[in-house]
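Here's the structure, in structure tokens; my notes come after.
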Amino acid sequence: MQSWSDTALPTIPGAGPPLRLYDTADRQVRPVTPGPTATMYVCGITPYDATHLGHAATYLTFDLVNRLWRDAGHEVHYVQNVTDVDDPLFERAARDGVDWRDLGTREINLFREDMSALRVVPPRDYIGAVESVDEVIEFVEKLLASGAAYTVEDAEYPDIYFRADATEQFGYESGYDRATMDRLFAERGGDPDRPGKRDTIDALLWRAARPDEPSWPAPFGAGRPGWHIECAAIALNRVGPEFDIQGGGSDLIYPHHEYSAAHAEALIAGRRFARHYVHAGLIGLDGEKMSKSRGNLVLVSKLRAAGVDPAAIRLGLLAGHYRRDRMWTDAVLADATTRLDLWRRATALACGPAAEDTVARLRQHLADDLDTPKALAAVDNWANQALNYGGRDSAAPGLITTAVDGLLGVQL
Ligand code: 5CA
Ligand code: ZN
């Protein structure tokens, strides 16, 4: 499906150190080592409601990765999905008396507008689950043929499941013990009590057709894709095994990314699905997790409609480190607005202190596991110097404007 409008990236003089990121699977910060074309897959939205600041924070995190790679001269093959067939969509559509496809289309359009306003560099491939059903069918066939998948004995609804023990390394991505897996599997959309499963944590690959649910014909029986196989198929078919980064919020560490990796790895024996598994911390509101089910969402579109500058939203979300769970509060937005004003006043000056060193530090901090608090502080420092003590470099305000635009996506 169509992505959103592209954002032109300026060329920034100089170069920075190579990017290092924390890998959830290996539990350490280590270098990301892309080839000439860097590859990234980030889990996209389930479009039954508007983009909130938690989604935005996750996409901004990976937007920084994209910008750093481009700054380092890489081409970037960035893929993102849209889970446009799933229970929450049907439930919301039924509640509101609309067609689930229309609901999805509406929310995807709003998401595109939000991403464009936030100046998030669009993915090259933006792929809906509906568009990728054929790919999923092919994968399920192969998993059935190899014995990694099985059909439950249920004449009415012969659902297909994936054996959690199909790959030896299962569990390496999250590193969770069995008790934690059991708990999170039940909490995050799994069905441990489904009769006929060999193991309670075997995950759904193909849900046999039910009345009043959309379904697609398949050689193993009509139905619709499970969640994890959708991302496994879309990623593997576009960026292949051992792509550089699999990304998403930390709520996806288990089961979603564990099973996406396991499904794929059952098909690509011996190779790892992604080289780095990178997870953004969760954004909450005033002490509570922000989620659709709790109804405490701060929507990007609402903030925009209220006249909040998208650059201030970016700065507010980047003020905390991406891996930390953090709150969105009025104070976060007020601080971001003050900072934006500081940067704008300083870069509007005709001259300032030399900026090369600040740009070097900006690149260094970002390359160090996206240390945005330090990166923003380096720019604050330059801006305060410029405003308080002046400077004679007439190129400096322009250089800062370009670097902040290219690396942080903040337009001054
Ligand atoms: N469609 C699936 C992924 S395949 C899904 O999780 N959709 S979602 O709409 O629930 O979330 C979209 C993205 O935002 C995911 O990467 C998710 O991890 C992330 N996300 C959701 N809630 C938050 C939050 N409160 N803070 C940070 N990121 C979040
Ligand atoms: Zn996903």
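Hydrogens, waters and symmetry mates play no part in the numbers below; they use all other heavy atoms, side chains included. Order of listing sets the numbers, starting from 1, for every ligand and every atom in it.
The number of protein N/O/S atoms found under 2.8 Å from the Zn ion (ligand 2) is 3.
In the model, W4 has no side-chain atom that pairs as donor or acceptor with a side-chain atom of D114 under 3.5 Å. Side-chain N/O atoms of Y254 and Y259 include a donor and acceptor closer than 3.5 Å. Checked by atom type, the side-chain pair Y78/Y126 shows no donor-acceptor distance below 3.5 Å. No donor-acceptor contact under 3.5 angstrom links the side chains of Y161 and D199, judged on distance only. Under 3.5 Å, the side chains of E135 and N237 contain a donor-acceptor pair of N or O atoms. Between the side chains of N81 and E230, at least one donor-acceptor pair of N or O atoms lies under 3.5 Å. Under the 3.5 Å distance criterion, with hydrogens and angles disregarded, a donor-acceptor pair is assigned to the side chains of Y150 and D202.
Considering backbone and side-chain atoms together, G249 places an N or O closer than 3.5 Å to an N or O of ligand 1. Below 3.5 Å of separation, one finds an N or O of D251 facing an N or O of ligand 1. Annotation: L282 places no N or O atom under 3.5 Å from an N or O atom of ligand 1; distance criterion only. Looking at W227 next to ligand 1, no N or O pair under 3.5 Å apart turns up. The shortest N or O to N or O distance between N81 and ligand 1 is not under 3.5 Å. The shortest N/O to N/O separation between I283 and ligand 1 falls below 3.5 Å. Ligand 1 has a nitrogen or oxygen under 3.5 angstrom from a nitrogen or oxygen of G44. Polar contact with ligand 1: absent for H256 (N/O pair, distance under 3.5 Å). For C43, a nitrogen or oxygen atom sits less than 3.5 Å from a nitrogen or oxygen atom of ligand 1, counting backbone and side chain alike.
Contact between T347 and P397 at its shortest, heavy atoms only, is O-CB, 3.4 Å.
Within the structure, salt bridge (Lys or Arg N to Asp or Glu O under 4.0 Å) pairs that include any residue of residues 247-270 do not occur (at least two apart or interchain). The list of salt bridge (Lys or Arg N to Asp or Glu O under 4.0 Å) pairs with a residue in residues 57-85, not counting sequence neighbours, reads D63-R67, D63-R314, D71-R363.
Note that CG of L205 is 7.0 Å distant from CZ of F162, once rounded to the nearest 0.5 Å.
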Take R183 and E187 through the salt bridge (charged side-chain N to carboxylate O under 4.0 Å, His left out) test and state the conclusion after the steps.
-> CA-CA 6 Å; R183 180 171 59 78; E187 277 175 27; 3.5 Å; yes
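Contact annotation: for T58 versus ligand 1, heavy atoms closer than 4.0 Å belong to the side chain alone. Of the heavy atoms in S250, none comes closer than 4.0 Å to ligand 1. Heavy atoms of A57 found under 4.0 angstrom from ligand 1: none, in either backbone or side chain.
Cation-pi geometry between R207 and Y157 is not met at under 6.0 angstrom from the ring centre and within 45 degrees of the axis.
Environment of CZ in R30: crowded, with over 12 heavy atoms of neighbouring residues, nucleotides or ligands closer than 6.0 Å.
Ring centroids of Y59 and F111 are separated by less than 6.0 Å, placing the two rings close together.
Applying the 4.0 Å criterion to heavy atoms of L252 picks out, from ligand 1, the atoms 6 (O), 15 (C), 16 (O), 18 (O). Interface atoms of ligand 1 facing T83, defined by a heavy-atom separation under 4.0 Å, are 1 (N), 2 (C), 4 (S). Within the listing of ligand 1, atoms 16 (O) sit less than 4.0 angstrom from a heavy atom of G248. Close approach of ligand 1 to C231 is summarised as follows: ligand atoms under 4.0 Å from at least one heavy atom of the residue are 4 (S). Ligand 1 places these atoms under 4.0 Å from at least one heavy atom of I45: 1 (N), 7 (N), 9 (O), 12 (C).
For the residues H257, H228, H55, the heavy atom positioned nearest atom 11 (O) of ligand 1 is part of H55. Across the listed options Y59, Y41, Y48, Y59 owns the non-hydrogen atom lying nearest to atom 13 (C) of ligand 1.
Ligand 1 lies nowhere less than 4.0 angstrom from a heavy atom belonging to A280. For the ligand labelled ligand 1, residue H279 lies outside the 4.0 Å heavy-atom shell.
By the ring-ring contact (aromatic ring centres under 6.0 Å, His included) test, H256 is found to be paired with W227, H228, residues two or more places apart in sequence or in another chain being considered.
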